[in-house]
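What follows is one structure encoded as structure tokens, with my remarks underneath.
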There are 2 protein chains.
Amino acid sequence: MSSPDVPPADPAAEADRVPVTQRAIEQIKAMIADGTLRPGQRLPTERELAAELGLSRSSMREAIRALTTLGVLEARHGAGVYVTALRPADLLETFSVLAEVARGETLVEVLQVRRILEPAATALAAARADDDQLRRLGTVLERIGRDEGIGDTVAADLSFHQAIVEMTGNTTLAAINGGLSSRTFKARVWHGHHEAGVVARLREDHERIYRALLARDPDAARAAATMHVLEVENWLCAHLDDFA
Amino acid sequence: MSSPDVPPADPAAEADRVPVTQRAIEQIKAMIADGTLRPGQRLPTERELAAELGLSRSSMREAIRALTTLGVLEARHGAGVYVTALRPADLLETFSVLAEVARGETLVEVLQVRRILEPAATALAAARADDDQLRRLGTVLERIGRDEGIGDTVAADLSFHQAIVEMTGNTTLAAINGGLSSRTFKARVWHGHHEAGVVARLREDHERIYRALLARDPDAARAAATMHVLEVENWLCAHLDDFA
DNA sequence: CGAGTAGAAGTGGTCAGACCAATTTTTCCA
DNA sequence: TGGAAAAATTGGTCTGACCACTTCTACTCG
């Protein structure tokens, strides 16, 4: 039932199976989880940490690199290693790789998740947005679909959706939804609609969302957001071959 | 407008500001994004990669460690470095750190996201589940709230929710939702309800969800899932001080 | 001839020590 | 007393070595 070729029970050899670097990662992660290390706190130097945890500096650096990648640590050249603020945005930065390397069927799944999150977020935003946020959103909307190059349209598109989810006041929601859409994917969507001569439809999608927000109408906002994601989803399914 | 103390334009010095390890990470990530490296493909050895990208093996290893942490590469001791299958589950494993280190207000945000995702997922499951999946879900449900130790109840609770989101057939959705609930948090919820003598309420929440799925009733499933997450959310807000 | 095994080669994991580059702190002069 | 130069601190990179695990090879034995 248990692992083979393990004689009886093994006291210290058990921990010896797990690589030292991995062990260090888990030790530091545990110290953060149980509050021994607080957000923003400075850690000992790499050399001291290596000595305390009983491994070489190279391996210690690999552990720090892993935790840096996860967004829990931050190394500042010449100034030390620190625990990040542990904000959702810090910890969910890694999330964007999904949108970056996803292809084919996975992209469809990602859009289906967005079709769940964005309508809910947009409805929340309709209920919570203040005049100032809406005014700024209007200026972003104006940049979408103009004839000043697709590059700026894509940037404005990203800003538009990001601004809306941030209106919910839920930074975790904003970080997750932000990680689900990559600039490169949005660029392909706009290019595709441009070649098909239906850029106006995408532009109108955003206008409908904006008007629903202005009207503080959660139901209309939800519907408009759903239709927008659905539009992209349908386009993707029709061009799935190009995303192999 | 641009960065200060940069004389005119700088050709090669621009790339020299970016640490070599970071550059290697981006190069390999780009090769995966553009299809040069395919899922499951084997990479050259660390020594060869280091030589090709023009950096030392130590720095190359740190780059590989970062990409391993992100779930795009996988190093097998003695056997080489490989691109993972790039499944959503591979890329979203890092997601769990959020639930692990989150505390206080962030936990509330996480639950609010779950209150969006879980009802939608449960409604989808109600429409798509087959008899076999439902039968297995029933056996898991029986283990929830028994008097055989909270440990098994927590494990069954996790399995229950995971099984439901997997019924949607959307592995990305399953991976995201899975990362939003940690075993330790669920354990505290059950302990809290146990001490307050309201374990039955949690148990009934799960039964209601199960009955809605059996009835293939998406609306009822959505409502039951919403109420369940709300129950946990309310409990958390009442005990937020314990999660500082 | 084939199966199994022992050895060799290949490859990731760890360690040691050195030097470079950015930051911070200290020192000391104007 | 203010500020600039110098020293100390600390992360970033490189080199080269050795260990542990896997895979391949070739040999031996039935």
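Convention: sequence-line order gives letters A, B, ...; per-chain numbering from 1.
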> Under 3.5 Å, is there a donor-acceptor pair linking the side chains of A:His206 and A:Asp157?
Replying inline: yes

> Atom CZ of A:Arg114 and atom OG of A:Ser181: how far apart are they, to the nearest 0.5 Å?
Replying inline: 5.0 Å

> Atom OH of B:Tyr82 to atom P of D:dT23: distance rounded to whole Å?
Replying inline: 7 Å

>> If I take atom CZ in residue B:Arg65 and atom P in nucleotide D:dG12, what distance separates them, rounded to the nearest angstrom?
In response: 16 Å

>> Nearest to the side chain of B:His77, heavy atoms from C-beta on, is which of D:dG12, D:dC14, D:dA20?
In response: D:dA20

> On DNA chain C, which is the earliest and which the latest nucleotide, 5' to 3', with an atom closer than 4.0 Å to a heavy atom of chain B?
Replying inline: C:dG10 to C:dT14

> How close or far is atom C1' of D:dG16 from atom CZ of B:Arg61, stated in whole angstroms?
Replying inline: 15 Å

> In chain order, what residues pass the side chain to side chain donor-acceptor pair (under 3.5 Å) check against B:Thr106, with sequence neighbours excluded?
Replying inline: none

> Which residues satisfy the side chain to side chain donor-acceptor pair (under 3.5 Å) test with B:Arg146, sequence neighbours excluded?
Replying inline: B:Asp152

Please list every donor-acceptor pair under 3.5 Å in which a side-chain atom of residues 61-71 of chain B meets a protein atom from a residue at least two apart or in another chain.
{"from": "B:Arg61", "atom 1": "NE", "to": "A:Glu62", "atom 2": "OE2", "distance (Å)": "2.8"}
{"from": "B:Arg61", "atom 1": "NH1", "to": "B:Glu46", "atom 2": "OE1", "distance (Å)": "3.4"}
{"from": "B:Arg61", "atom 1": "NH1", "to": "B:Glu46", "atom 2": "OE2", "distance (Å)": "2.9"}
{"from": "B:Arg61", "atom 1": "NH2", "to": "A:Glu62", "atom 2": "OE1", "distance (Å)": "3.2"}
{"from": "B:Arg61", "atom 1": "NH2", "to": "A:Glu62", "atom 2": "OE2", "distance (Å)": "3.2"}
{"from": "B:Glu62", "atom 1": "OE1", "to": "A:Arg61", "atom 2": "NH2", "distance (Å)": "3.2"}
{"from": "B:Glu62", "atom 1": "OE1", "to": "A:Arg65", "atom 2": "NE", "distance (Å)": "3.0"}
{"from": "B:Glu62", "atom 1": "OE1", "to": "A:Arg65", "atom 2": "NH2", "distance (Å)": "3.1"}
{"from": "B:Glu62", "atom 1": "OE2", "to": "A:Arg61", "atom 2": "NE", "distance (Å)": "2.8"}
{"from": "B:Glu62", "atom 1": "OE2", "to": "A:Arg61", "atom 2": "NH2", "distance (Å)": "3.2"}
{"from": "B:Arg65", "atom 1": "NE", "to": "A:Glu62", "atom 2": "OE1", "distance (Å)": "3.1"}
{"from": "B:Arg65", "atom 1": "NH2", "to": "A:Glu62", "atom 2": "OE1", "distance (Å)": "3.1"}
{"from": "B:Thr68", "atom 1": "OG1", "to": "B:Ile64", "atom 2": "O", "distance (Å)": "2.8"}
{"from": "B:Thr69", "atom 1": "OG1", "to": "B:Arg65", "atom 2": "O", "distance (Å)": "2.8"}

>> Once salt bridge (charged side-chain N to carboxylate O under 4.0 Å, His left out) is applied, what residue pairs with a partner in residues 97-111 of chain B remain, sequence neighbours excluded?
In response: none

> What is the distance, rounded to the nearest whole Å, between atom CG of A:Leu43 and atom C1' of D:dG11?
Replying inline: 13 Å

Atom pairs and distances, donor-acceptor, side-chain atoms in residues 25-36 of chain A, under 3.5 Å, two or more places apart:
{"from": "A:Glu26", "atom 1": "OE2", "to": "A:Gln22", "atom 2": "NE2", "distance (Å)": "3.3"}
{"from": "A:Asp34", "atom 1": "OD1", "to": "A:Thr36", "atom 2": "N", "distance (Å)": "2.9"}
{"from": "A:Asp34", "atom 1": "OD1", "to": "A:Thr36", "atom 2": "OG1", "distance (Å)": "2.6"}

> Axis-to-axis angle across the helix from C:dC1-D:dG30 to C:dA30-D:dT1, five pairs an end, to 10 degrees?
Replying inline: 0°

>> Counting the atoms with a prime plus P, OP1 and OP2 as sugar-phosphate, which does B:Arg76 contact under 4.0 Å by heavy atoms, base, sugar-phosphate, or nothing?
In response: sugar-phosphate

> Cut-off 3.5 Å, side chains only: do B:Thr94 and A:Thr94 have a donor facing an acceptor?
Replying inline: yes

> At what distance, to the nearest 0.5 angstrom, does CD of B:Gln162 lie from CG of B:Leu137?
Replying inline: 12.0 Å

> Can you check whether B:Trp235 and B:His239 have ring centres sitting under 6.0 Å from each other?
Replying inline: yes

>> Under 4.0 Å, heavy atom to any atom of DNA chain D: which of residues 49-57 of chain B qualify?
In response: B:Leu55, B:Ser56, B:Arg57

>> Would the base of D:dG11 count as contacting A:Arg47 through its side chain, where contact means a donor and an acceptor less than 3.5 Å apart?
In response: yes

> Partners of A:Thr168 by side chain to side chain donor-acceptor pair (under 3.5 Å), sequence neighbours excluded?
Replying inline: none

Show the atom names and distances, to 0.1 Å, of all donor-acceptor pairs under 3.5 Å that link a side chain in residues 182-189 of chain B to residues at least two apart or in another chain.
{"from": "B:Ser182", "atom 1": "OG", "to": "B:Thr184", "atom 2": "OG1", "distance (Å)": "3.2"}
{"from": "B:Ser182", "atom 1": "OG", "to": "B:Phe185", "atom 2": "N", "distance (Å)": "3.1"}
{"from": "B:Arg188", "atom 1": "NH2", "to": "B:Asp242", "atom 2": "O", "distance (Å)": "3.1"}

List, with names and distances, any nitrogen or oxygen atoms from the protein found under 3.5 Å away from nitrogen or oxygen atoms belonging to nucleotides 4-9 of chain D.
none

>> A:Asn170: which residues meet the side chain to side chain donor-acceptor pair (under 3.5 Å) condition with it, sequence neighbours left out?
In response: B:Gln112

> Atom CE of A:Met60 to atom C1' of D:dG11: distance rounded to whole Å?
Replying inline: 13 Å

> Counting just side-chain N and O atoms, does B:Ser58 come under 4.0 Å of either OP1 or OP2 of D:dT15?
Replying inline: no

> Would you call A:Arg135 and A:Asp131 a salt bridge, taking side-chain N to carboxylate O under 4.0 Å as the test?
Replying inline: no

